[in-house]
There are 2 protein chains.
Amino acid sequence: MADAIFDSRVEASAARDVTDLILQDILAGALMPGTWLKQVDLERRYNCTRPDVRRALDRLAQKRLVEHVPNRGYHVYEPDGRRAREVSEIRVILETAVAGTIVQNASADDVRALRKLAKHFDEATLNGTMLELYEANLAFHRQLLMLGGNIELVDLVTEIRQRTSSAPVSQWRTRARVEQSGREHHMMIDAIEHRDGTLFAELTRQHILQK
Amino acid sequence: MADAIFDSRVEASAARDVTDLILQDILAGALMPGTWLKQVDLERRYNCTRPDVRRALDRLAQKRLVEHVPNRGYHVYEPDGRRAREVSEIRVILETAVAGTIVQNASADDVRALRKLAKHFDEATLNGTMLELYEANLAFHRQLLMLGGNIELVDLVTEIRQRTSSAPVSQWRTRARVEQSGREHHMMIDAIEHRDGTLFAELTRQHILQK
DNA sequence: GTATCATAAATTGGCGCCAATTTTGGATAC
DNA sequence: GTATCCAAAATTGGCGCCAATTTATGATAC
């Protein structure tokens, strides 16, 4: 009864941070929006202590991935259309702003590295979990932004990405859309190879807004 | 001995969040970079319990305002030149990106409100604490960004502002520089009144980079 | 006089209990 | 049959103790 919302137990080492584990489960869709995260359940599922759980929940609440209701507990945020739109807008601003620098800085090695990560994403599309797909996508975009030369910006975009990912379903609604994303990655790399900053920026914009 | 680093005790209600109190003291310069934040001291200074202190320290560590060294404790981050530069760059990107929208959206009432906040900042320049100055400045920039229509962006900028503020001294080195900031605020408002988006964006850029 | 080591003090950090609040379930009245 | 109220179970959340580690202190040897 207590484990009702968890069907698959994972043998997790207490060493690895609980916050990341819960985060991953939210991103992967294992913990649906609206779900109440009961402390006893989390304690058992991630094989950790009560303070560990509470620290993790507090961190996730700070990141606004879960909401804390006093004396009621923590629950996964419902997807917020406005917020998702605004975060996308911010991503467009930040990622297109460094598009020029990226195109300038990218060496042949960088392009090869990007190609490899894009392929990883494609493979995850075929036979991978939702989480693997998410992480492959993240790795590609991080590597891309890294060429912008602003490390803080890389971390910032990585961070705000998580803010709307409480709705992984609405993000990648269909398999067709995911495959389209994969193709867009390669188109973006092509634009970098041809040193076409304007095209790369426009592709980035469309890729984020998914139009 | 235990209260060595704190010369002025403040009678703080336990209700108000300890995290904000510590944050304010760091921003105001009361807690200098490098200072080790001993849990017993904080406990006494903010008149709160041990778990309160630890939660606050964990949150500040997440925000990268303090660093956590296992079995050693938490200390205020040393100012990081590279990071400060990168954060400024990000702020320029974000705030100039919505400059056009701000100029378009600003009504006569909005301009009046901005003028009032700019005056508040000027007053704080004359006779106000470092913290009051910081908050007056923050209020002005928040009101400004609000006109951009992207609430998430307002919160994001407010958040990343805190990331480099562990060196409040290096930010506003001289009184002359602070007074210059006050004048720039009014120049920015003037640009908005004249609906000159390009000028407003450029003023914003210079204001952030402080050149 | 200085370096080294052992011992004591201080500090962090893990863990668990118990009170306060909320939710659930059932009994009773209408 | 339905609504209301009361009691029991469950859940959150505040608080403090104690072990592990680190730092400071002082004694001893060279």
Taking it one step at a time, do Arg55(B) and Asp58(B) satisfy salt bridge (Lys or Arg N to Asp or Glu O under 4.0 Å)?
CA-CA 5 Å; Arg55(B) 184 158 49 91; Asp58(B) 184 68; over 6 Å; no
Carboxylate-amine/guanidinium contact Glu89(B) Arg85(B), below 4.0 Å
no
Where do Gln210(A) and Ser181(A) land on the side-chain contact (heavy atoms from CB on, under 4.5 Å) test, with the steps shown first?
CA-CA 8 Å; Gln210(A) 299 208 345; Ser181(A) 283; 3.9 Å; yes
Nearest-Å distance, CG (Leu57(A)) to P (dG13(D))?
9 Å
Between Asp17(B) (CG) and dG13(D) (P), how many Å, whole number?
14 Å
Rounded off to whole Å, could you give me the CH2-to-P distance for the Trp36(B) and dT11(C) pair?
13 Å
Nearest whole Å is fine: how far is dC15(C) P from Arg50(B) CZ?
17 Å
Could you check how far NE2 of His68(B) sits from C1' of dT11(C), rounded to whole Å?
13 Å
Whole angstrom value for the distance that separates P of dG13(C) from CD of Gln39(B)
6 Å
How about Glu184(B) and Gln180(B): does a side-chain donor come under 3.5 Å of a side-chain acceptor?
yes
Does the dG13(D) base have a donor-acceptor partner in the side chain of Arg55(B) within less than 3.5 Å?
no
Rounded to whole Å, how long is the line connecting atom NZ of Lys38(A) with atom P of dA9(D)?
17 Å
What distance separates Ile26(A) CD1 from Leu60(A) CG, expressed to the nearest 0.5 Å?
5.5 Å
Rounding to an integer number of Å, can you tell me how far Glu43(B) CD sits from dT11(C) C1'?
12 Å
So which one's nearest nucleotide on DNA chain C is more toward 5', Pro51(A) or Gly73(B)?
Gly73(B)
5' to 3', nucleotides 20-25 of chain C under a 4.0 Å protein heavy-atom cut-off (B base, S sugar-phosphate only, - none) gives -SSS--
So, do His185(B) and His120(B) have ring centers that fall under 6.0 Å from each other?
no
What's the closest nucleotide to the side chain of Arg54(A) if the choices are dT12(C), dT12(D), dG13(D)?
dG13(D)
If you measure only the distance, is there a donor-acceptor pair under 3.5 Å linking the side chains of Tyr46(A) and Asp17(A)?
no
Out of dC15(C), dG13(D), dC15(D), which nucleotide sits closest to the side chain of Thr49(A)?
dC15(C)
